[in-house]
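Let me begin by presenting the structure, written as structure tokens, before commenting on it.
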Amino acid sequence: MESKGQTELSIIIPIYNEQDSIPELYKRLTDCAAKITDNYEFIFINDGSKDNSLYKLTELSKSDSRVYFINFSRNFGHQIAVTAGLDFCTGNAVVIIDADLQDPPELIPDLYKKYKDGFEVVYAKRAKRRGESWFKLVTAKVFYRILERVTTVKIPVDTGDFRLMDKKIVEYLRLMPEQNKFLRGQIAWLGFRQTSVEYTRDSRKYGQTGYTFRKMLHFALDGIISFSDTPLRLVTQMGLVVSLLSFVGIIYELYGHYILKTTITGWTSLIISTMFFGGIQLISTGVIGLYISRMNKNINNRPLYIVANTNCEIKN
Ligand code: UDP
Ligand code: MG
């Protein structure tokens, strides 16, 4: 505890049902951290795991005073788990890493080296991804490309949250109040000197993914909505184009009715246009709704997470 003030390296590891990977993860992390400094801390966040993860973490914390755990009262999601780690960590350099060994701990010394060269953010860029379903690969690829096009901040393509950050970055992240966290976007938004180290992303070694399709979709929407007004602008433009088209249509119909005296019989065209406009209106309302629901969450301003128990000192 005494050394907490001058921790050199903090490693933040969100845990959701990772009981099988924890022993190997701990071992590999210890080896890698030891290459950098003796003064490190591991902060495991148990995000409402339903398996034995919590027990494994508390056991580790008993045998190793550098192991801290934060036990959430329920599952709050990956980004919130990492946020809790950022709130509690004390290191000069802070690493975020997945628990499933898809992010190789062995890369951490490389990240640290770049940090020592003077970069405030060193993110790990996936050069290759192994053993993931084509669905995940394709959706991830499409998502990152869309994100790149619609956002104004430069969020690096093909990077996850596996990265090393300077204390400064962590302090700014703590000041950012948004409820729907999209950390990689927030970090890109902050600026400073950022660089990357490439790596091959392995397949998950133990257990299975905690990111359901639903969670992935929410996460993707958070990314786009927090960093871009493009969806709103798009529906406005869509509305304008459609209004213009329908105006031309109205003129054409009126001309036919009054001047040419040929009233067009057209149930089909009628139903098609009704459905078309109905669809556009619903989409537009939905898009606005997405923004409003996120605003609502920020106005409610509930605590981001609830800690059931922890062995970290409560700070602030
Ligand atoms: N995770 C979490 N809460 C969740 C889902 C996942 O803390 O609700 C953790 C998980 O234990 C892992 C990291 O977030 O350490 C990445 O999750 P996962 O490997 O399931 O995602 P994927 O790599 O499939 O995108
Ligand atoms: Mg994974």
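The structure presented is a predicted model; accordingly, all values stated were derived computationally and were not measured. As the structure lists them, so they are numbered: ligands from 1, and atoms in each ligand from 1.
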Atom of C89, atom of V170 and distance for their closest heavy-atom approach: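 Answer, listing the atom of C89 first, then V170: SG-CG1, 4.0 Å.
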Side-chain touch L183/M165, heavy atoms, less than 4.5 angstrom: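 No - every pair of side-chain heavy atoms lies 4.5 Å or more apart.
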Could you give me a count of protein N/O/S atoms that are under 2.8 Å from the Mg ion (ligand 2)?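 Step by step: take the Mg ion (ligand 2), keep protein N, O, S below 2.8 Å, and you get 2.
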[X] NZ/CZ over [Y] ring centroid, <6.0 Å and within 45° of normal:
| X | Y | result |
| --- | --- | --- |
| K56 | Y206 | no |
| R184 | F182 | yes |
| R74 | F72 | no |

Show the numbers, then the answer: is there a ring-ring contact (aromatic ring centres under 6.0 Å, His included) between H78 and Y211? CA-CA 9 Å; H78 168 251; Y211 259 97; 5.7 Å; yes
Ligand 1: which residues have a non-hydrogen atom closer than 4.0 Å?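 Those residues closer than 4.0 Å to ligand 1 by some heavy atom are P14, I15, Y16, E18, D47, N75, G77, H78, D98, A99, D100, Q102, K136, R201, R204, T209, G210, Y211, K215.
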Does a sphere of radius 6.0 Å around NZ in K136 hold more than 12 heavy atoms from other residues, nucleotides or ligands, not counting ones at 6.0 Å or beyond?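 Counting neighbours around NZ of K136, more than 12 heavy atoms of other residues, nucleotides or ligands fall under 6.0 Å, so yes.
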Run the side chain to side chain contact (heavy atoms under 4.5 Å, CB included) check on E178 and R294 step by step: do they pass? CA-CA 9 Å; E178 50 250 70; R294 277 160 179 81; over 6 Å; no
Tell me if a side-chain donor or acceptor on D98 pairs with a main-chain N or O of D103 at a distance below 3.5 Å.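 Not a single qualifying donor-acceptor pair exists.
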